[in-house]
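As the structure is a computational prediction, the values presented were derived from the model and not from experiment. All residue numbers in this chain count up from 1 along the given sequence.
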Amino acid sequence: MQTLQTDVVIIGAGTAGLAAYRAAIAAGKQALMIEGGAYGTTCARVGCMPSKLLIAAAEAAHAANHTSAFGVHVDGPVRINGREVMERVKRERDRFVGFVLESVENIPAEHKLRGYARFIAPGVLAVDQHTEVHTKSVVIATGSSPSVPPPFKGLGDRLVINDDVFSWDDLPKRLAVFGPGVIGLEIGQALARLGVTVRVFGVSGSLAGMSDPTVRQVAKKIFQQEFYLDPDARVLDTKRVGDEVEIRYVALDNTEKTERFDYALIATGRKPNLDSLGLERAGVERQLGAIPAFNRETMQIAQLPIFIAGDVNGDVPLLHEAADEGKIAGANAANFPDVQPGLRRAGLGVVFSDPQIALIGQTFAKLKPGAFVTGEVDFTSQGRSRVMLKNKGLLHVYADKLTRRFLGAEMIGPSAEHIGHLLAWAVQQELTVDKMLEMPFYHPVIEEGLRTALRDARDKLDQTLSHHAPA
């Protein structure tokens with residue numbers, strides 16, 4: 001077994017790991033990146049990019065099937081070739097992965113090590129059976145893996161996760177989706193629009209991470225008009241029958257149904273890739289399966305020279321957050337024990353459903369009851385949205401009663417990916433609702449709907465102020 005010495009070890013070569021490596025090198029330290037799996041980030045291989053390629057195909061099919069309302073008629077049925085859809089998804093996915101591989105290939109060979117790392121003592125790691133690495137500090141950026149509840153494991157190869165979907169050569173005819181989170185909702189709706197019979201089952205009423213009950217209820221009704229969705233499903237039994245999955249459940253009309261599907265897509269969450277690292281031998285305290293406590297401003301675990309970044313820490317599993325966390329972790333690992341807080345941006349999450357969903361800043365669940373007002377716009381009658389026949393959805397904006405600061409928002413509606421950015425910038429700039437309303441709004445645009453919601457919030461703030469004014 002060979003022995004290596006370095007300043008910083010980064011375990012994992014995904015988005016967070018690559019950002020940590022670049023930060024450590026920029027700080028002038030020696031860094032070694034260890035990866036046991038395939039190079040190429042989760043986003044490029046099985047996440048953001050292939051899912052958006054599938055969604056783009058679904059949007060094309062949906063648009064082609066809904067032209068008559070504009071007086072534009074397509075003669076004959078729209079034909080969807082599943083093999084051609086998946087060929088493009090895989091071809092373009094491989095192109096995006098290629099860009100990541102190219103960046104990894106540009107890293108000097110002596111800075112990379114293939115294999116699975118585990119601690120054997122504080123500051124000492126074994127990589128498979130071939131290398132022992134001594135280091136001053138470590139960045140854990142091992143990512144996460146889909147979590148499959150035990151009842152589903154008997155489904156064998158009829159059970160799929162999102163990674164599997166993007167390896168299909170053709171589209172299935174029938175698919176059951178368990179978990180209406182971001183992944184389940186995006187893939188479920190996309191496949192439904194591509195002609196697949198889809199049933200989406202959830203638990204506890206959760207839907208795409210939304211916590212505002214009014215916005216979530218509007219979203220549920222919108223999606224239920226297009227495909228079967230039950231966020232609070234009663235699934236009585238799942239079993240494999242031949243090459244099919246048989247599911248017995250209580251339907252939305254409260255009748256018991258039994259249906260068979262080609263596959264069951266399990267999108268019930270992800271678990272951190274931590275259990276094989278031997279963290280206890282590095283002095284890390286945690287319960288089995290749990291994520292160790294860490295400082296989200298510095299990414300440091302306890303007072304140890306160990307930092308944790310990206311999906312593995314379960315904080316905000318989004319690419320831009322992983323990149324920021326990796327940069328913070330890499331810089332602090334390089335400069336340990338001089339550990340400094342890094343830049344954490346305003347929260348921004350987008351679901352690429354149709355209508356899109358955006359969660360910005362302090363979402364409803366994080367707000368202090370009684371300390372804020374809610375401004376609202378219903379997109380049903382919003383001008384630009386109605387022109388485009390995209391007039392579905394609801395936007396709630398939240399503002400602090402005392403300071404009038406804009407705190408955050410939850411939204412389902414048209415162009416949510418763009419509205420979300422504007423609102424996240426406003427949160428980070430700590431703007432008040434009044435300052436936001438001084439900004440320019442063109443006509444006719446969807447942003448006029450945002451102005452309506454902000455005006456509603458301002459009026460409610462003014463009412464609050466008048467109620468507390470001295471007589």
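Contacts of R174 classified as side chain to side chain contact (heavy atoms under 4.5 Å, CB included), with partners at least two apart in sequence or in another chain: T197, E244, R260, F261, D262. Applying the side chain to side chain contact (heavy atoms under 4.5 Å, CB included) criterion to V339, with sequence neighbours excluded, gives T298, Q300, F307, N332, F336.
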| query | Does the salt bridge (Lys or Arg N to Asp or Glu O under 4.0 Å) test come out yes or no for D169 and K90, once each step is laid out? | reply | CA-CA 9 Å; D169 294 324; K90 291 188 287 187; 2.5 Å; yes

Run the numbers on L348 and H421 for side-chain contact (heavy atoms from CB on, under 4.5 Å), then give the verdict. CA-CA 7 Å; L348 172 61; H421 276 83; 3.8 Å; yes

| Given the rule in the side-chain contact (heavy atoms from CB on, under 4.5 Å) test, do L207 and L229 qualify, once you have shown the distances and angles that lead to the verdict? | CA-CA 10 Å; L207 182 61; L229 166 67; 4.1 Å; yes

| said: Assess the residue pair E246 and T258 against the criterion (side chain to side chain donor-acceptor pair (under 3.5 Å)); give the C-alpha distance rounded to whole Å, side-chain angles, the decisive distance to 0.1 Å, and a yes or no. | reply: CA-CA 7 Å; E246 185 176 277; T258 300; 5.6 Å; no

Run the numbers on I266 and V177 for side-chain contact (heavy atoms from CB on, under 4.5 Å), then give the verdict.
-> CA-CA 6 Å; I266 309 303; V177 178; over 6 Å; no

Side chain to side chain donor-acceptor pair (under 3.5 Å) between Q189 and D354: does it pass, once the steps are laid out? CA-CA 8 Å; Q189 184 184 40; D354 183 16; 5.5 Å; no

Q.
Quick one, F152 with T238, criterion side-chain contact (heavy atoms from CB on, under 4.5 Å). Give me CA distance, side-chain angles, the key distance, then yes/no.
A. CA-CA 7 Å; F152 293 111; T238 59; 4.2 Å; yes

Show your working on salt bridge (Lys or Arg N to Asp or Glu O under 4.0 Å) between R286 and E280 and close with a plain yes or no.
CA-CA 8 Å; R286 72 177 188 120; E280 68 282 358; 5.8 Å; no

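A donor-acceptor pair under 3.5 Å is absent between the side-chain atoms of Y116 and the main chain of A126, judged by distance alone. Under a 3.5 Å cut-off, the side chain of R240 and the backbone N or O of L155 do form a donor-acceptor pair. Formation of a donor-acceptor pair under 3.5 Å by the N81 side chain with backbone atoms of R83 is found in this model. The main-chain N or O of S206 is never found under 3.5 Å from a side-chain atom of S204 such that the two would form a donor-acceptor pair. No donor-acceptor distance shorter than 3.5 angstrom exists from the side chain of D94 to the backbone of R91, with no hydrogens or angles considered. Remark: side-chain polar atoms of E447 are not paired, donor with acceptor, to backbone N or O of L450 under 3.5 angstrom. E376 places no side-chain N or O within 3.5 Å of a backbone atom of A453 that could act as its donor or acceptor partner. With hydrogens and angles ignored, the 3.5 Å screen pairs a side-chain donor or acceptor of S137 with a backbone N or O of A333. Using a distance-only test at 3.5 Å, with no hydrogens or angles considered, no donor-acceptor pair links the side chain of S147 to the main chain of R270. Between the side chain of R344 and the main chain of R296, a donor-acceptor pair closer than 3.5 Å is present.
Using a 3.5 Å distance cut-off with no hydrogens or angles, the side chains of S145 and N273 do pair a donor with an acceptor. Judged by distance alone, the side chains of Y249 and E259 do bring a donor and an acceptor atom under 3.5 Å apart. In this structure, a donor-acceptor pair under 3.5 Å is absent between the side chains of Q356 and S415.
For the atom pair OH of Y21 and OG of S103, the computed distance is 11.0 Å after rounding to the nearest 0.5 Å. With rounding to the nearest 0.5 Å, the separation of CD1 in I412 from CG in D212 is 12.0 Å. Taken from CD1 in I357 to CG in L185, the straight-line distance is 5.5 Å, to the nearest 0.5 Å. Here CD1 of I11 is found 6.0 Å from CD1 of I34. Values are rounded to the nearest 0.5 Å. How far CZ of R158 is from CG of L265: 13.5 Å, rounded to the nearest 0.5 Å. With values rounded to the nearest 0.5 angstrom, T42 atom OG1 is found 8.0 Å from D163 atom CG.
Within 6.0 Å of CD in Q225 there are more than 12 heavy atoms belonging to other residues, nucleotides or ligands. Enclosure of atom CD in E256 by more than 12 non-hydrogen atoms of other residues, nucleotides or ligands within 6.0 angstrom is indicated. E417 CD: more than 12 foreign heavy atoms inside a 6.0 Å radius. Taking a 6.0 Å sphere around NZ of K271, one finds it holds 12 or fewer heavy atoms contributed by other residues, nucleotides or ligands. No more than 12 heavy atoms of other residues, nucleotides or ligands shown are found within 6.0 angstrom of NZ on K390.
When all heavy atoms of I80 and A61 are compared, the closest pair comes out as CD1-CB, 3.9 Å. Across L407 and A399, no two heavy atoms sit closer than the pair CD1-C, 3.9 Å. Of all the heavy atoms in E410 and T363, the pair that sits closest is OE2-CB, 3.3 Å. Nearest heavy-atom pair, S51 versus E186, reported as atom, atom and distance to 0.1 Å: OG-OE1, 3.8 Å. Residue I10 comes nearest to A31 through the heavy atom pair CD1-CB, 4.0 Å, listed as atom of the first residue, atom of the second, then distance. When all heavy atoms of Y228 and A251 are compared, the closest pair comes out as OH-CA, 3.4 Å.
For residues 53-63, there are no salt bridge (Lys or Arg N to Asp or Glu O under 4.0 Å) pairs, not counting sequence neighbours.
Within the 4.5 Å cutoff, the side chain of V250 has no heavy atoms near those of the T255 side chain.
A ring-centre distance under 6.0 Å is found for W168 and Y263. Aromatic pair F364/H396: ring centres not closer than 6.0 Å.
Aromatic ring pairs are classed by plane angle as parallel below 30°, tilted from 30° to 60° and perpendicular above 60°; the pair F96 and F99 is perpendicular. Relative ring orientation between Y398 and F372 is described as perpendicular, the plane-to-plane angle rising above 60° on a 0-90° scale split at 30° and 60°.
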